[in-house]
Amino acid sequence: MSSVIDSLNAPQKEAALTLDKDVRIIAGAGSGKTRMLMARIASLVDNGILPWRILAITFTNKAAREMKERLQTLLQDAARDVRISTIHSLCVRILREDASAIGYPKNFTILDGDDQKSMLRTIYKELDMDRTTFPPSAVLGKISGWKTAGYSPEEAQDQTDGPEAKAYELYERQLEDMKAMDFDDLLLKTRHLLGTNQEVRDKWQNRLDYIHVDEFQDVDPVQYDIIRLLKRPDAFLCVVGDPDQTIYTWRGAAVDIILNFARDFPNTRTVILNENYRSSQTILDAANALIAHNHGRIEKDLFSSIESDRKIETFQAQDESQEPLQVARDITRARKEGLEYRDIAVLYRSNYLSRGIERVLGKLRIPYRIYGGIRFYERQEIKDMLSYLKLITEPDPEDPAQKSLDLAVMRVINVPRRGIGARTVEKLQKEAADRGLNLLEVLRDPQTVSGAAAKKFAPFVELVDEMKSLRASVPLDELMMRMAFDSGYMAMLKDTREEDREENIEELQADIRQALQENPDLTLEEYLQDLSLFTDRDEEAGNAVSLMTVHAAKGLEFEQVHIVGLNEGVFPSLRAMEEAGRDGLEEERRLMYVAMTRAKKALYLSWNSGYSFQLDRHKTPSRFIQEIPEDYVKQESTPLDNYPVHKSPQGQSRKSRGRAPKPTTRLRKGDHVEHTVYGAGVVTDVQKDIVSVAFGHPNGVRKLNMHHPSLQKVKG
DNA sequence: TCGGTCAGTGTTTTT
DNA sequence: CACTGACCGA
Ligand SMILES: Nc1ncnc2c1ncn2[C@@H]1O[C@H](COP(=O)(O)OP(=O)(O)OP(=O)(O)O)[C@@H](O)[C@H]1O
């Protein structure tokens with residue numbers, strides 16, 4: 001053990017070995033905060049503190065998993081018992097034990113974003129709201145803001161002229177009715193429980209002697225309250241963070257919490273870490289120079305002993321389809337020089353920017369793993385199957401009404417088509433509300449729906465009952481598959497030839513089977529309970545390039561990092577700047593700081609030029625590129641010749657780059673095209689050489705130069 | 001009342 | 001293109 005502490009530098013040691021005070025570590029990127037945290041936990045266990053009396057709160061499930069794995073190598077079996085989780089998982093843990101104290105069943109439902117949206121759909125109908133004037137995501141954001149700030153629907157009424165406050169009221173009422181919680185509720189209800197119920201609070205306080213919080217700069221006031229409620233007066237808190245890495249203020253994070261920490265905890269030792277062990281001096285200097293453009297920050301003099309004469313490489317791609325090619329070339333090159341794919345990451349501001357990269361990496365057979373975006377358990381067919389399974393769960397004795405079934409019923413009642421349409425569902429809902437039943441109960445015994453319509457319910461109800469009766473004899477994974485077939489869902493997929501969806505359902509079966517292997521007594525109820533929390537399966541990444549947003553890359557490190565899409569308006573995001581002005585820009589800059597400091601040895605920054613028909617002006621490089629002093633930067637300009645770019649069917653060569661493009665076949669309205677970044681699309685309008693192309697979700701209609709090589713005509 | 005067509009719309013970041 | 005709401009024929 002002592003070796004773990006020995007591997008720390010002096011201030012890290014001080015922080016790790018201060019066990020009789022609260023500790024706050026404020027330090028820049030890569031200065032070994034997380035490493036210190038781990039050493040501290042290891043040393044606590046070594047000093048006889050019982051592992052389960054130690055809590056560590058991480059920001060993501062991935063970070064929790066990683067910390068657990070690394071502790072395993074330090075502590076072997078004892079590591080298993082250290083409580084390591086995100087604050088949301090911790091709250092679920094607390095609530096599943098004692099939710100009854102605040103009027104919830106222990107197996108309350110957790111809603112994910114999809115469920116929230118489908119609730120809004122019903123509410124929109126009721127309030128006659130339309131989704132263009134009130135984008136659901138914006139309304140959900142508003143509701144979340146009100147909830148978290150502690151405004152009741154009545155109080156929210158004063159803050160808007162629109163119907164949003166009313167929507168908020170209905171939303172809350174429906175949640176209450178279903179005994180369900182959204183992600184905000186997990187925190188709010190936990191705070192409420194701990195704050196009002198001394199028994200529960202004492203129980204948890206007496207369980208925990210040492211509480212650690214990683215990424216403390218992104219904690220919000222509600223989370224902070226929970227942390228304080230968990231801390232017994234003689235327990236110790238150890239928080240770690242970097243104010244320059246605050247990137248979640250848009251969802252309530254408050255840097256002031258870490259800055260003013262010592263005010264709330266006077267017995268605090270503050271430790272500053274100045275040496276960066278991750279990045280080369282060049283990368284670090286560049287990142288420091290960038291973040292220095294922000295105002296009102298605490299200056300840090302972060303240094304690195306990793307000398308390197310390797311500069312940061314920037315390049316301007318000819319257009320958005322060239323950028324991924326150049327990235328791929330640099331990845332291939334690095335690989336030839338001995339780097340593994342797993343040592344490389346491609347980072348971007350928003351998820352949609354991954355598409356072009358994916359396309360090219362896939363084509364060139366460079367293995368990659370994408371993090372974020374639409375995750376496994378969020379896929380439509382997976383959620384559909386999970387909804388079918390939900391229908392055959394038994395109600396919690398504390399929630400006999402089981403109204404949370406309604407979400408599942410609404411989702412699959414007419415998928416595949418059973419002739420039960422919107423009108424009928426509306427009637428069913430009304431009847432359910434009037435009779436105080438859930439939708440499944442109404443389906444069994446409808447009283448307000450005409451006989452003809454009601455006849456269509458029987459097969460559905462029979463399916464549910466049939467599956468219910470099989471629960472005792474058929475293993476869960478097989479039960480799910482039977483459900484998929486007997487419901488007609490699989491046949492529907494076959495009909496529409498959606499093979500990848502079929503495959504995903506088979507993967508779901510494998511996932512359930514694996515869960516059963518880990519816990520043979522697993523019940524269906526348990527399996528479904530916390531899935532919304534774990535939106536991704538933990539599968540081996542293998543040796544693959546990592547693709548993710550900068551937000552998702554927080555806390556990680558890679559030998560080589562590519563930051564792509566560094567265009568003004570993209571990164572920094574125009575929306576962020578419009579919404580929050582200078583604060584927005586500064587948060588974007590912190591985001592860029594986080595991105596750059598993920599790199600150990602090599603950093604590539606790229607943007608794509610060309611004309612943006614959207615903005616009606618030429619694209620420009622991100623100001624962040626210009627904020628990096630030239631000394632640290634090398635402009636890359638190696639042409640792409642000799643790189644295995646796929647040849648276009650027309651035999652166009654890359655030599656035409658920059659030249660007036662040779663006229664290809666003229667595109668006409670209705671033509672089907674394929675774009676290297678946006679994928680398949682249809683021409684909707686032609687103005688001289690500018691075509692409007694409608695691409696698939698979420699790209700929408702884009703105006704493009706019809707002769708551009710990234711656009712190819714394909715057969716309809 | 002269902003479900004087929006038609007026209008209009010459509011980008012942050014995540015637990 | 002994918003998704004939604006409006007409209008209309010069965
Ligand atoms: N004292 C040390 N000696 C050598 N290497 C160290 C030391 N402390 C940390 N490191 C290494 O430096 C890298 C960064 O450490 P760590 O991830 O703990 O930093 P961090 O401060 O948490 O970074 P971030 O703010 O980006 O989350 C890791 O590879 C870690 O192993």
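Since this is a predicted model, take the numbers as computed values, not measurements.
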request  = Tell me what A/Q223 touches on the nucleic acid: a base, only sugar-phosphate, or nothing, going by heavy atoms under 4.0 Å.
outcome  = nothing

From CZ of A/R65 across to C1' of B/dT15 the rounded distance in Å is 14 Å

Rounded to whole Å, CG of A/D182 lies from P of B/dT14 at a distance of 18 Å

With no hydrogens and no angle check, just 3.5 Å: does a side-chain donor-acceptor pair link A/D182 and A/Y171? yes

(request) Answer with base, sugar-phosphate or nothing: what part of the nucleic acid does A/Y678 contact at a heavy-atom distance below 4.0 Å? (result) nothing

Ranking B/dT11, B/dT9, C/dC1 by distance to the side chain of A/H672, first place goes to C/dC1

Winner on side-chain proximity to A/W250, out of B/dG10, B/dT13, B/dT15, is B/dT13

Checking A/V673, A/D319, A/L711 against A/L704 for side-chain contact (heavy atoms from CB on, under 4.5 Å), the one that qualifies is A/L711

One should read off an interatomic distance between A/T448 OG1 and A/L428 CG, to the nearest 0.5 angstrom, of 7.0 Å

Requested in this report: With heavy atoms under 4.0 Å as the rule, sort A/R375 into base, sugar-phosphate or nothing.
Outcome: sugar-phosphate

P gap between B/dT11 and C/dG5, integer Å | 14 Å

Next on the checklist: Is it the case that B/dT11 (base atoms only) and A/R702 (side chain only) share a donor and an acceptor within less than 3.5 Å, ignoring hydrogens and angles?
Outcome noted: yes

| said: For A/F624 and A/H293, I'd like to know if the aromatic rings sit close, meaning centre-to-centre distance below 6.0 Å. | reply: no

Distance criterion of 3.5 Å, no angle test: do you see the side chain of A/R349 paired donor-to-acceptor with the base of B/dT13?
yes

Those residues at least two apart in sequence (or on a different chain) that pass side-chain contact (heavy atoms from CB on, under 4.5 Å) with A/K383 are A/D112, A/D114, A/D115, A/R411

A/Q116 CD to B/dT14 C1', in whole Å, measures 12 Å

From CG of A/L531 across to P of B/dT15 the rounded distance in Å is 15 Å

Atom CG of A/L533 and atom C1' of B/dT14 are separated, to the nearest Å, by 12 Å

Taking atom types as modelled, is there a side-chain donor on A/Q529 or A/R96 under 3.5 Å from an acceptor on the other?
-> yes

To the nearest 0.5 Å, atom CG of A/L407 lies from atom CD of A/Q116 at 10.5 Å

Can you pull every protein N or O that's under 3.5 Å from an N or O on nucleotides 2-10 of chain C?
none

Salt bridge or not for A/R589 and A/E627, using N-O below 4.0 Å? yes

Atom CD1 of A/I247 and atom C1' of B/dT15 are separated, to the nearest Å, by 13 Å

**Report entry** Ion pair A/E557/A/R598, N-O distance below 4.0 Å
**Finding:** no

When A/T132 and A/S350 are each assigned the nearest nucleotide of DNA chain B, the 5'-most assignment goes to A/T132

Check: Which is true for A/S532 with a 4.0 Å heavy-atom rule: it touches a base, it touches only sugar-phosphate, or it touches nothing?
Finding: nothing

From CG of A/L556 across to P of B/dT14 the rounded distance in Å is 13 Å

Checking B/dT9, B/dT15, C/dC1 against the side chain of A/F183 (C-beta onward), the nearest is B/dT15

Report yes if at least one side-chain N or O of A/R355 is closer than 4.0 Å to OP1 or OP2 of B/dT11; otherwise report no. no

Of the candidates B/dT13, C/dC1, B/dT14, the side chain of A/V682 sits closest to C/dC1

What's touching nucleotides 1-5 of chain B from the protein side, N or O pairs under 3.5 Å?
unit_1 : atom_1 : unit_2 : atom_2 : d
B/dT1  : OP1    : A/K427 : NZ     : 2.5
B/dT1  : OP2    : A/R423 : NH1    : 2.6
B/dT1  : O3'    : A/T424 : OG1    : 3.4
B/dC2  : OP1    : A/G421 : N      : 2.7
B/dC2  : OP1    : A/T424 : OG1    : 2.1
B/dC2  : OP2    : A/R423 : N      : 3.3
B/dC2  : O5'    : A/G421 : N      : 3.4
B/dG3  : OP1    : A/G419 : N      : 3.0
B/dG3  : OP2    : A/N414 : ND2    : 3.3
B/dG4  : OP2    : A/R417 : NH1    : 3.3

Taking 4.0 angstrom as the limit, do A/E587 and A/R590 come out as a salt bridge?
-> yes

Of the listed B/dG10, B/dT14, B/dT11, the closest approach to the A/Y352 side chain comes from B/dT11

Using OP1 and OP2 only, check whether a side-chain N or O of A/N351 sits under 4.0 Å from B/dT14. yes

Whole-Å distance, A/E579 CD to B/dT13 P, equals 12 Å

How about A/Y348 and A/F571: are their ring centres within less than 6.0 Å of each other? no

